[in-house]
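Proteins come first, then strands; the chains are lettered A, B, ... in the order of their sequence lines, and each starts at number 1. Basis for what follows: all heavy atoms, side chains included, without hydrogens, waters or symmetry-related copies. Computed from a predicted model, the values in this text were never measured in an experiment.
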Number of protein chains: 2
Amino acid sequence: MSSAPPQLRTLDHPDSAEIRLEDVLHALSDPARLHVVHYLAGGGEASCSEIDLAVSKSTSTHHFRVLREAGVIRQVYRGTAKMSCLRREDLDTLFPGLLEAVLRAYETRCVPRA
Amino acid sequence: MSSAPPQLRTLDHPDSAEIRLEDVLHALSDPARLHVVHYLAGGGEASCSEIDLAVSKSTSTHHFRVLREAGVIRQVYRGTAKMSCLRREDLDTLFPGLLEAVLRAYETRCVPRA
DNA sequence: GCCGTAGTACGACGGATATCGTACTAGCGT
DNA sequence: ACGCTAGTACGATATCCGTCGTACTACGGC
């Protein structure tokens with residue numbers, strides 16, 4: 001039997017009003033995390049393992065947590081996977097143009113022409 | 001006597017092409033440095049001591065160096081003072097809209113209504 | 001020449017960060 | 001029930017970062 005709990009494993013997300021500019025900038029100041037954000041900007045949602053970071057699983061978990069705790073991404077469990085997506089609306093409301101500028105800069109200067 | 005050297009004390013600035021997005025984002029991810037950048041965005045030029053960071057002189061020097069080495073500001077010696085200014089054109093060329101978005105976000109959310 | 005002011009250099013120190021490996025838990029499929 | 005896959009937790013470690021104080025250098029004025 002089971003009481004069908006809707007959210008077994010819950011994840012801490014900062015409220016929109018708690019998101020701080022410095023934290024977001026810090027979260028974005030790492031190549032691996034920029035890569036994740038850029039990836040998520042393309043599709044809507046992705047599992048952690050689908051994004052290749054060339055680091056160990058624990059390190060990957062760490063980077064996703066930094067992004068989540070800074071308020072950059074939102075994560076939910078779906079089956080055995082943990083899906084991540086950008087908090088685009090929240091970020092655009094709080095810091096208009098910031099995400100777009102970072103993404104554009106990243107594409108222009110960090111992706112060496114695919 | 002003196003051979004009148006044009007630049008006694010020289011300061012290392014990254015070339016425009018060497019400025020990296022991660023470094024800029026990291027440089028901007030500290031409240032004290034954001035404060036400096038915001039201050040410099042107002043006037044054109046300022047000496048280090050004119051911007052009150054509420055930290056010791058050495059710490060202040062450190063923050064200015066981080067900003068300079070990331071390519072965010074340019075510094076020159078003028079007499080006993082060291083003047084700093086934003087590398088606005090370089091940044092706008094490399095990362096269009098980024099500085100503006102950060103400054104706007106800072107004013108909106110980090111300056112508690114002066 | 002001497003002093004004051006502006007900033008640097010250096011070393012220390014505590015706290016955060018990036019990284020890893022290993023051992024663990026949660027769901028899914030068979 | 002069993003095992004596979006996805007991700008977590010935890011501890012270790014090395015490095016970086018923000019901060020400070022003290023001792024130093026550079027320039028300008030008296």
Taking only residues two or more places apart in sequence, or in another chain, which ones meet Glu50(B) in a salt bridge (charged side-chain N to carboxylate O under 4.0 Å, His left out)?
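Per chain and number, Glu50(B) pairs via salt bridge (charged side-chain N to carboxylate O under 4.0 Å, His left out) with no residue.
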Got a sec, which residues hit salt bridge (charged side-chain N to carboxylate O under 4.0 Å, His left out) with Arg87(A), two or more places apart in sequence or on another chain?
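In terms of salt bridge (charged side-chain N to carboxylate O under 4.0 Å, His left out), with neighbours along the sequence ignored, Arg87(A) is linked to Asp90(A).
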Among residues 28-45 of chain A, which contact DNA chain C at a heavy-atom distance under 4.0 Å?
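Asp30(A), Arg33(A), in order of number.
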Tell me: [atom1] of [X] to [atom2] of [N], nearest whole Å?
| X | N | atom1 | atom2 | value |
| --- | --- | --- | --- | --- |
| Arg78(A) | dA26(C) | CZ | C1' | 16 Å |
| Asp23(B) | dC16(D) | CG | P | 13 Å |
| Phe64(A) | dT19(C) | CZ | P | 13 Å |
| Asp52(B) | dA6(C) | CG | P | 13 Å |

Taking 4.0 Å as the cut-off, does a side-chain nitrogen or oxygen of Thr59(A) come that near to OP1 or OP2 on dC20(C)?
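Yes, within the criterion.
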Tell me, which pairs form a side-chain hydrogen bond (donor to acceptor under 3.5 Å, both in side chains) where one or both residues lie in residues 11-20 of chain A, sequence neighbours left out?
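Applying side-chain hydrogen bond (donor to acceptor under 3.5 Å, both in side chains) to every pair that reaches into residues 11-20 of chain A, excluding sequence neighbours, yields Arg20(A)-Asp23(A).
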With sequence neighbours left out, what residues match [X] under side-chain hydrogen bond (donor to acceptor under 3.5 Å, both in side chains)?
| X | answer |
| --- | --- |
| His62(B) | none |
| Glu100(B) | none |
| Ser56(B) | Thr59(B) |

Mark yes or no for whether Arg88(A), through its side chain, and Ala41(A), through its backbone, hold a donor-acceptor pair below 3.5 Å.
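Checked: pair present.
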For His38(B), which residues count as a ring-ring contact (aromatic ring centres under 6.0 Å, His included) partner, sequence neighbours excluded?
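Per chain and number, His38(B) pairs via ring-ring contact (aromatic ring centres under 6.0 Å, His included) with Tyr106(B).
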A correct 5'-to-3' footprint of nucleotides 7-15 of chain C, with B, S and - meaning base, sugar-phosphate only and no protein heavy atom under 4.0 Å, is BBB------
